[in-house]
Amino acid sequence: MEVKLHDIGEGMTEATINAFLVGVGEQVRADQPLVEVQTDKMTAEIPAPANGIIKGFSVKEGDTIRVGETVLIMGAGKESVAPKRTSSATAQSTRILASPYTRKLARDAGIPLEKVRGSGPAGRILDEDIQSHLLVEPLPKETPERTEADSIPFRGRRKQIASKMVRSVRTIPHCTHFEEIDVTELLAWKRDVTDVSMGAFFIKALSVCLKEFPIFNGRLDEEQECVHLQHAHHIGVAVDTEEGLIVPVIRHVEEKTLKGIQKELKALTNKALDHTLTAKEATGGTFTVSNVGPLGGSIGATPIINEPEVALVSFHKTKKRPMVNEADEIVIRSMMNVSMSFDHRVADGGTAVRFTNRLRDFIEKPGILLMEMI
């Protein structure tokens, strides 16, 4: 029986083999995790389709393979197979309880999991167990040879993200529109409403704009020669992690309150940082938002669209600047730049300007958005 890489998320075409969780000759049960893989969105495990015995691997750790390729071969459950010699880490890993992210921490630190004592339920190894192990048994320091340059791996999530970005740029004729927005009143409102973030407000404002401009919540179908205008607003939120951008999706934003969006945004962001997002939580977006302002330093960008979506909005750094009001007076206002990239096959610049003008109205006068939500 061939166990193949299957599509574990919308739009997935390939994944990198992180680690095998079983050894050759090992008896496994149905649904037992066999291999850990990494896509551009998440770390996931491929389970056994049935009871059986591992007969051999068709790929090796670190390989990037496409959906449909064979990962390993299984024999019938009662078949007797002489185990081949494997590394102790591979042969024993199936008996060690640890999450994919914990396994990654151990691999990055060069620590065999069988040497770590788990403090979780049933001896499960936790992230903090890896850190504790390093404190007790620090890795020996080696004197590196002098080289002309340092090298870092280009695989796993970083390689997956690169592939997706190249595909997006090659497929979609990007056009980016810039706008500056006065957020002075929104900041004052935020000081009074402490349990809702600016990010949650932006997401809800974008959803209301998408109701008025559904073209930016569309999906181009060139074969059918039409644009599908999707009713649900599944808004992806770009989260900056150590391994690159991950985009968890808040589903049905059009039905949610500001507090509901805030709660889900916080939970999904934490899961993205902990690498515990499920496939559903990281796929199915219809529009993407990137709030890079809190990182500081960014005054503008030309963001790449998250294909097959047709638009993306980035919110940049807020800065106090002297502005001239309607009475020709110079006043100090908090100004934020916004950039919107859109698929020029689907929409034109004028529509994008009207979209960001409406977004500006909601942000500059928060009461207008609150009235729209009644």
Side-chain angles (χ1 to χ4, degrees), residues 177-218 229-239 247-270 285-294 303 309 311-321 323 325-327 331-340 342 347 351-374:
H177 162 66
F178 297 90
E179 182 60 88
E180 64 174 4
I181 298 178
D182 187 338
V183 295
T184 306
E185 290 191 23
L186 180 59
L187 288 173
W189 173 84
K190 175 65 183 67
R191 284 192 289 270
D192 295 330
V193 185
T194 58
D195 54 353
V196 175
S197 67
M198 298 272 283
F201 187 95
F202 294 156
I203 291 168
K204 188 61 181 182
L206 283 168
S207 177
V208 177
C209 291
L210 290 174
K211 288 183 181 179
E212 299 181 24
F213 298 87
I215 192 67
F216 294 117
N217 202 54
L229 303 180
Q230 300 165 106
H231 300 296
H233 300 164
H234 302 327
I235 297 185
V237 182
V239 177
V247 187
V249 177
I250 302 177
R251 309 181 75 82
H252 292 289
V253 173
E254 76 281 3
E255 300 175 359
K256 290 182 166 65
T257 64
L258 281 171
K259 287 187 176 180
I261 294 170
Q262 172 63 30
K263 182 178 179 180
E264 194 166 346
L265 174 62
K266 183 177 180 180
L268 288 173
T269 299
N270 288 335
T286 62
F287 189 94
T288 296
V289 57
S290 175
N291 186 13
V292 297
E309 298 168 17
L312 181 154
V313 167
S314 287
F315 297 93
H316 302 282
K317 181 180 179 181
T318 297
K319 186 177 181 179
K320 289 185 177 181
R321 299 209 304 266
M323 304 294 291
N325 63 16
E326 295 181 356
V331 293
I332 302 300
R333 307 293 288 180
S334 295
M335 305 299 295
M336 175 185 67
N337 290 343
V338 171
S339 56
M340 176 181 181
F342 60 93
T351 309
V353 170
R354 286 188 286 273
F355 181 91
T356 54
N357 283 349
R358 188 59 169 153
L359 178 63
R360 181 193 61 202
D361 292 342
F362 291 142
I363 295 175
E364 292 191 343
K365 301 291 183 182
I368 298 178
L369 177 65
L370 300 179
M371 291 298 297
E372 289 285 342
M373 295 170 59
I374 296 176

Applying the side chain to side chain contact (heavy atoms under 4.5 Å, CB included) criterion to Phe213, which one of Thr351, Leu359, Thr356 satisfies it?
Thr351
What one should report as the nearest heavy-atom pair of Pro303 and Leu312 is CB-CD2, 3.2 Å
Of the non-hydrogen atoms in Ser339 and His316, which two are nearest, and what is the gap between them?
OG-NE2, 2.8 Å
Any idea which heavy atoms bring Pro366 and Leu186 closest together, and the distance?
CG-CA, 3.8 Å
Any chance you could measure Lys204, atom NZ, to Gln262, atom CD, to the nearest 0.5 Å?
14.0 Å
Minimum heavy-atom separation for Val237 and Leu265, please, with both atom names.
CG1-CD1, 3.8 Å
Check whether the side chains of Ser207 and Glu254 place a donor and an acceptor atom closer than 3.5 Å, and report yes or no.
no
Inter-residue atom distance Ile235.CD1 - Phe202.CZ, 0.5 Å rounding:
13.0 Å
The reported gap from CZ in Phe216 to CZ in Phe342 (rounded to nearest 0.5 angstrom) is 6.0 Å
Heavy atoms, side chains only, cut-off 4.5 Å: are Ile363 and Phe315 in contact?
yes
Quick one: do His233 and Lys211 satisfy side-chain contact (heavy atoms from CB on, under 4.5 Å)? Show the steps, please.
CA-CA 9 Å; His233 300 164; Lys211 288 183 181 179; 3.6 Å; yes
Between Thr286 (side chain only) and His234 (backbone N and O only), is there a donor and an acceptor less than 3.5 Å apart?
yes
Got a second to check how far Ile368's CD1 is from Arg360's CZ, nearest 0.5 Å?
10.5 Å
Please find the pair of heavy atoms, one from Glu364 and one from Asp182, that lie closest to each other, and give the distance.
OE2-N, 2.9 Å
Which residues pass the side-chain hydrogen bond (donor to acceptor under 3.5 Å, both in side chains) test with Thr318, sequence neighbours left out?
none
Counting N and O atoms only, with roles assigned by atom type, does the side chain of Asn217 sit under 3.5 Å from a partner on the main chain of His231, one being a donor and the other an acceptor?
no
With a 3.5 Å distance limit and no angle check, can you tell me whether Lys256 reaches the backbone of Arg251 through a side-chain donor-acceptor pair?
yes
Can a donor-acceptor pair be found, under 3.5 Å and without considering hydrogens, that links the side chain of Thr184 to the backbone of Ser334?
yes
To the closest 0.5 Å, what do you measure between CZ (Arg321) and CD (Glu180)?
5.0 Å
Rounded at 0.5 Å granularity, tell me how far CZ in Arg333 sits from CE in Met323.
9.0 Å
Which pairs pass salt bridge (Lys or Arg N to Asp or Glu O under 4.0 Å) with one or both residues in residues 185-203, sequence neighbours excluded?
Glu185-Lys365, Asp195-Lys259
